[in-house]
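Working notes, beginning with the structure itself.
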2 protein chains.
Amino acid sequence: MASGDKPTSFDIAALAGVSQPTVSRALRGDRTVSAATRLRIEAIARQLNYKVDKNASALRRGSTSTLALLFFEDPAPDGSRINPFFLSMLGSILHTCGARGYDLLTSFQQLSADWHVDYEDSRKADGLILLGYGDFDDYSRRLDQLVAQGTHFVRWGSADPAHPGTVIGCDNIAGGRDAGQHLIERGRRGIAFLGDASNHYPESRDRYRGLAQALRMADMPIDPGLQVDALSSEASGYDAARRLIARGIAFDAIFAASDMIALGAVRALVESGRSVPGDVALVGFDDIPAASLAQPPLTTIRQDYARAGELLVDMLIRRINRRDTEPALLPPELVVRKSS
Amino acid sequence: MASGDKPTSFDIAALAGVSQPTVSRALRGDRTVSAATRLRIEAIARQLNYKVDKNASALRRGSTSTLALLFFEDPAPDGSRINPFFLSMLGSILHTCGARGYDLLTSFQQLSADWHVDYEDSRKADGLILLGYGDFDDYSRRLDQLVAQGTHFVRWGSADPAHPGTVIGCDNIAGGRDAGQHLIERGRRGIAFLGDASNHYPESRDRYRGLAQALRMADMPIDPGLQVDALSSEASGYDAARRLIARGIAFDAIFAASDMIALGAVRALVESGRSVPGDVALVGFDDIPAASLAQPPLTTIRQDYARAGELLVDMLIRRINRRDTEPALLPPELVVRKSS
DNA sequence: AAGCGGACAGCATACGTATTCAGACGATGC
DNA sequence: GCATCGTCTGAATACGTATGCTGTCCGCTT
């Protein structure tokens, strides 16, 4: 080994007086290597600061011990503002990957990019974690392509049976119902919904459906005029709340499809002279870090991002090992703070 | 090529009636391949959905087209809560990596882990981006080790000449001075500082120094009793503010070393019956997303995370290509909102 | 004493790409 | 008509690891 070069398994072998395959086996813990030999090899490897070359190893074994995490979002074309709920999940995913011996390749994708073919085909990762809302027609086509390619993947989202792949998601309908029941218990009668109600955003749609369920159970009418489309951003929430106000229909509560929307709504409400929760009670969704810091602190439906990240990683690893997996629906939790 | 297997450059070669090396050259844009041949090869490659195997490519070339991003932090042992300012930078880093043709391997590290040897030695990445505050003695030792190993790296932090490596950082002294001058202009006289003032956290220390400069320039005294240690978290900020209040020294302004600290301080102040900014004016640092959403919206010193991320990536790529780099000090910007 | 099985280690090779060197071919100059 | 040059392509090989197969040595059985 020339000085300055990284040591290889051949270098270790020469120093230990064995062959290269024996080094490989010893370091991988193969039982056919005697304990004495293994200890000797391990000592030398440590001393030389030898690390297995992951590229050579991956090439030979055909797997990389790496997962790829793909964010993709409609409303953030510059890539600099990632949905805070997803960022929270990132921490948990990183943590779990580390514990399971996987590396994580992280990427932010435009919806237009070729994310559906790039990662596994080029053997950079053994599997994909998909995190994002978005244009669902296109999304669906790409998911089908992933399946056709035999790519291993899991995704966060709604368990729509029309879309393939193992899904980890939150029980959005239950969450919406919880939010609705909470507001009804607080004596609110005109409950508006800020969020998309179409099939393009199934999570948002299901939260609306949950709200509708709660209204029906309380024999309250469902007024379509109290639903305003909004994407998950503060600006969009602000905008939606202003449009709601402009409609002139009376309301005394808002259920927002995400905390970001709720935060924007607070701004619009305060600006219009309405107090929260005095004039309008407000419930968000996600429990992002900013929710508890906002003024007033936001009542919200918490999604368990820590558990979600853990499940996503573990399910993906199961799929990579060709074991069967089934979708998981996590129960949301109502967190009552000052906004309702 | 057996059906179902991923195509290799040999498969393309056979179909195009050329040899494997020609395929490799054609797809890499080598000029020695005639245009006609290249086009034919490209067409076939596209049709078969062929992608270069990154592992084989990396093994042969000795470089991976991958950068590794290492978060490491003292106060977040569970790995689930990453400093929000760093998360903001992540978006920018991801974006820039994509634009430069690099992948990003993301990892959250305990300070105790062997991050300093793992990544480049195992050839998973061509270089390291280090993002974190922390125990500086240990940090420094590890940086030296990186240099000794010849690992390419850049880090975000303070440009302390005692620490090796190319640094991208914010001009913390200028930021602290801006904050101090702003509060002085607002007529405040008792300006407290919440944040570490020791050498273990150079960023925080420099912000305090900047504040001290502003005070001196205004011929105002510097009272050590108005400095309280705090780490960058909401809980620590809350705690520090309570300790400040308990000291019984009069103050009418707080400069917090980070927005997270400032948000905690708001909670403690409101709890103690003090109004912001009426009784106490408050300035934070970072301009994290929650800063503008807080109540009152936080006056703060903005760090340009978008530019920072871009610089970190570009500098690292320069280092990998063995071109010289020099540290960069980004100017902070005072953002006046409602808390001061 | 011959045969047998288990424990261990080495030989050879495959993974898929990128690069060096050499060769083929046609065109040009004298 | 022969040498020369430039353009393009192919043969061979290296990168470092992991694994199937083979071989050796030893202790044990029959």
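In this structure, Arg307(A) places its CZ atom where only 12 or fewer heavy-atom neighbours from other residues, nucleotides or ligands lie under 6.0 Å away.
Out of dT19(D), dC8(C), dG16(C), the shortest distance to the side chain of Arg28(A) is found at dT19(D). Checking dT9(D), dA9(C), dA12(C) against every side-chain atom of Pro21(A), the shortest atom distance belongs to dA12(C). Each of dA11(D), dA12(D), dC8(C) was ranked by its minimum atom distance to the side chain of Gln20(B); first place goes to dA12(D). Considering only side-chain atoms of Thr22(A), the nucleotide from dG16(D), dA9(C), dT17(C) that sits closest is dA9(C).
The shortest distance between side-chain heavy atoms of Leu90(B) and Leu104(B) falls below 4.5 Å. Between Ile12(A) and Gln20(A), the closest side-chain pair of non-hydrogen atoms is not below 4.5 Å. Annotation: side chain of Leu312(B) is in contact with side chain of Leu131(B) (closest heavy-atom distance under 4.5 Å).
Whole-Å rounding puts the Leu27(B) CG to dA18(C) P distance at 8 Å. Asp11(B) has its CG atom 13 Å from the C1' atom of dT17(C), to the nearest Å. Between the CZ atom of Phe10(B) and the P atom of dA11(D) there is a distance of 10 Å, given to the nearest Å. The separation between Asp53(B) atom CG and dA14(C) atom C1' is 13 Å, rounded to whole Å. Computed from coordinates, the Arg123(A) CZ to dG16(C) P distance equals 6 Å when rounded to whole Å. Separating the NZ atom of Lys6(A) from the P atom of dG16(D) is a distance of 11 Å, rounded to the nearest angstrom. We find that CG of Leu59(B) is positioned 18 Å from P of dT13(D), with the value rounded to whole Å. Arg25(A) places its CZ atom 9 Å from the P atom of dG10(C), with the value rounded to the nearest Å.
Between Ser19(A) and the phosphate of dG10(C), there is a side-chain N or O to OP1/OP2 separation shorter than 4.0 Å. Taking side-chain N and O atoms only, Ser24(B) has a distance below 4.0 Å to OP1 or OP2 of dA18(C). Look at Ser34(B) and you won't find any side-chain N or O under 4.0 angstrom from OP1 or OP2 of dT7(D). Remark: Ser9(B) is not in phosphate contact with dA18(C), judged by side-chain N or O atoms under 4.0 Å from OP1 or OP2.
Comparing Ser57(B) and Arg61(A) by the nucleotide of DNA chain C that holds the closest heavy atom to each, the one mapping nearer the 5' end is Arg61(A).
Using cut-offs of 30° and 60° for the angle between ring planes, the Phe85(A) and Trp156(A) rings count as tilted. Ring planes of Phe71(B) and Phe86(B): tilted class, angle from 30 to 60°.
Here Val33(B) lies in heavy-atom contact (under 4.0 Å) with sugar-phosphate atoms only. Residue Val18(B) is classed as a sugar-phosphate contact, given heavy-atom separations below 4.0 Å to backbone atoms only.
Under 3.5 Å, the side chain of Arg60(A) and the base of dG16(C) form no donor-acceptor pair of N or O atoms.
For Ala16(A), the side-chain contact (heavy atoms from CB on, under 4.5 Å) partners two or more places apart in sequence, or in a different chain, are Val18(A), Arg40(A), Ile41(A), Ile44(A).
Inter-axis angle, ends of the helix from dA1(C)-dT30(D) to dC30(C)-dG1(D), five pairs per end, rounded to 10 degrees: 60°.
Scanning both residues, Arg319(A) and Thr325(A), for their nearest heavy atoms gives NH1-OG1, 2.8 Å.
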